[in-house]
Amino acid sequence: MPTPRVGGGLRPRRARRAAGAARRLRMRAGIMLLAVPAVLGGALEAASAAGVLGTGAREGGHVSVSAASGPPPAAAPPAVKGLARATAKVGTVVGLGDSVPAGSACDCRPYVSLIGEALEAEQGTPVQSRNLAVAGLTTQGLLDLLAEDETRSAVSEADLIVITVGANDFDSDPIADEACAPSAGLACYQDELARLRTGMASVLRQVHALNTRAGGRIVVTGYWNVFVDGAPGRSRGQEYVATSDALTRAVNATLAASAADAGVRYVDLYTPFNGHDGTRDDTDLLAADGDHPDATGHRLIADTILAALSRV
């Protein structure tokens with residue numbers, strides 16, 4: 001759902017900004033057939049080594065991409081060095097990111113709150129949830145937010161920090177260009193993928209530096225789709241579906257590799273929404289805009305993150 005632009009590098013999540021005539025001309029003139037550069041290959045190799053890439057094709061509107069064939073089932077997230085055991089009680093949960101954790105277009109309790117409520121019930125002790133997610137936030141926008149006193153204070157005191165960000169770093173406007181297609185190695189998105197890797201590294205360094213809680217845990221999630229999905233996505237045509245799915249896999253590989261480098265937990269949301277073989281229609285988990293989770297989707301995200309936290 002479109003959201004008014006706010007300052008500090010923010011814009012509506014997955015909103016269409018002007019693609020730029022110069023970039024389109026440049027792509028058509030010479031980069032349409034570029035091979036996937038080292039940044040994506042490195043991200044995929046790191047993610048594969050961490051065990052977050054699997055196989056499977058999305059059918060009925062989604063396609064397989066051999067370079068990044070999707071994360072494995074959420075039921076088996078990799079053990080990550082430095083993750084505290086689930087027996088460590090959580091007193092404060094902090095959510096950071098874009099309109100997904102913010103709960104946009106849902107009119108429901110976002111998964112950040114649901115996680116806090118579930119932990120409180122399980123532990124029998126109070127849990128405070130502080131949801132600092134902002135609709136339209138980009139990776140750079142999150143870095144800017146981490147410079148603000150309120151955010152710094154919240155992060156420093158958090159026992160659990162959940163981060164969902166990165167989709168707004170990508171523009172759907174050029175999606176029909178040949179240079180953006182999976183067959184062209186998503187060439188038109190390679191600069192953005194490189195910036196995402198750099199930006200997430202900076203975000204996780206900042207969060208690590210700010211968080212002073214003994215046993216504090218950090219979780220980074222992926223996406224089921226960085227653009228519109230479900231029936232609304234299919235209504236835009238097979239080309240849109242194929243490219244958005246391929247880009248989502250590349251984004252998730254980048255996020256997973258960034259999390260692995262930082263020694264924090266990466267939680268796959270692609271598989272819970274799309275099924276173990278990638279063919280599930282996730283329309284029933286999405287709001288009417290096809291862009292954000294509905295109440296059922298938020299519950300699924302909360303349950304998936306809680307399941308990951310129960311493992312070491």
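Throughout, residue positions are numbered sequentially from 1 according to the sequence presented.
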Can you tell me how far CG of L196 sits from CG of L255, rounded to the nearest 0.5 angstrom?
5.0 Å
Basic-acidic side-chain contact under 4.0 Å: E150, R130:
yes
Any side-chain heavy atom of L309 within less than 4.5 Å of one from R265?
no
With rounding to the nearest 0.5 Å, note down the distance linking NE2 in H208 to CD1 in I218.
4.0 Å
Using the side-chain contact (heavy atoms from CB on, under 4.5 Å) rule, take T212 and E157 through it: C-alpha gap first, then chi angles, then the decisive distance, then the call.
CA-CA 7 Å; T212 58; E157 299 168 358; over 6 Å; no
Measure the acute angle between the ring planes of W224 and F273, then classify it against the limits of 30° and 60° as parallel, tilted or perpendicular.
parallel
Looking only at side chains, do T198 and R195 share a donor and an acceptor under 3.5 Å apart?
no
Could you pull out the closest heavy-atom pair between A167 and V226, with the gap in Å?
CB-O, 4.0 Å
Kindly indicate, with the supporting measurements, whether the criterion side-chain contact (heavy atoms from CB on, under 4.5 Å) is fulfilled by E117 and R109.
CA-CA 10 Å; E117 292 167 4; R109 293 188 69 70; 2.4 Å; yes
Determine yes or no for a side-chain-to-main-chain donor-acceptor pair under 3.5 angstrom, with S153 supplying the side chain and D149 the backbone.
no
Within the 4.5 Å heavy-atom criterion, are R280 and D282 side-chain neighbours or not?
yes
Using distance alone, with no hydrogens and no angle criterion, decide if D245 and Y240 have a side-chain donor and acceptor under 3.5 Å apart.
no
Can you see which heavy atom on G91 is nearest to which on D159, and at what distance?
N-OD2, 2.7 Å
Does this structure show an ion pair linking D229 with R236, if we count only N-O contacts that are shorter than 4.0 Å?
no
d(D191 CG, D169 CG) to nearest 0.5 Å is 12.5 Å
Is the closest side-chain heavy-atom distance between L142 and L96 below 4.5 Å?
yes
Using a 3.5 Å distance criterion without hydrogens, assess whether the side chain of E178 forms a donor-acceptor pair with backbone atoms of S183.
no
Hey, could you give me the CG/CD distance between L143 and Q206, rounded to the nearest 0.5 Å?
6.5 Å
Can you tell me if D171 uses its side chain to pair, donor with acceptor, with the backbone of D173 under 3.5 Å?
yes
Could you state the interatomic distance from OG1 (T139) to CD (E192), rounded to the nearest 0.5 Å?
11.5 Å
Of the non-hydrogen atoms in V90 and L160, which two are nearest, and what is the gap between them?
CG1-CB, 4.2 Å
Looking at side-chain heavy atoms only, is the closest gap between V267 and T304 below 4.5 Å?
yes
Between L114 and V162, is there shared hydrophobic-cluster membership here, with clusters defined by ILVMFWY side-chain heavy atoms closer than 4.5 Å?
no
Which heavy-atom pair separates H292 from S104 by the least distance, and what is that distance?
CB-O, 3.4 Å
Please tell me whether Q140 and T138 have a donor and an acceptor in their side chains that are separated by less than 3.5 angstrom.
no
Any V93 side-chain heavy atom under 4.5 Å of V127 side chain
yes
Would you find a donor on one side and an acceptor on the other, under 3.5 Å apart, between the side chain of Y111 and the backbone of G103?
no
Are side-chain heavy atoms of S156 and N211 found at a separation under 4.5 Å?
no
Checking salt bridge (charged side-chain N to carboxylate O under 4.0 Å, His left out) for the pair D261/R197: CA distance, chi angles, key distance, verdict?
CA-CA 10 Å; D261 286 348; R197 183 66 182 270; 2.4 Å; yes
May I have the step-by-step check of side-chain contact (heavy atoms from CB on, under 4.5 Å) for N225 and Y270, ending in yes or no?
CA-CA 7 Å; N225 202 308; Y270 183 97; over 6 Å; no
Is there a side-chain contact between V264 and V219 (heavy atoms, below 4.5 Å)?
no
Closest non-hydrogen atoms of V228 and P232, given as atom of the first, atom of the second and distance, are CG1-CB, 3.6 Å
Distance-only side-chain donor-acceptor flag, H276 / T271, under 3.5 Å
no
How long is the span from the OG1 atom in T164 to the CD1 atom in I305, to the nearest 0.5 Å?
6.0 Å
So, do D294 and L286 sit near enough that their side-chain heavy atoms are less than 4.5 Å apart?
no
For P272 and L300 the tightest heavy-atom approach is O-CD2, 3.6 Å
side-chain contact (heavy atoms from CB on, under 4.5 Å) assessment of N252 paired with Y266:
CA-CA 9 Å; N252 286 342; Y266 170 78; 3.4 Å; yes
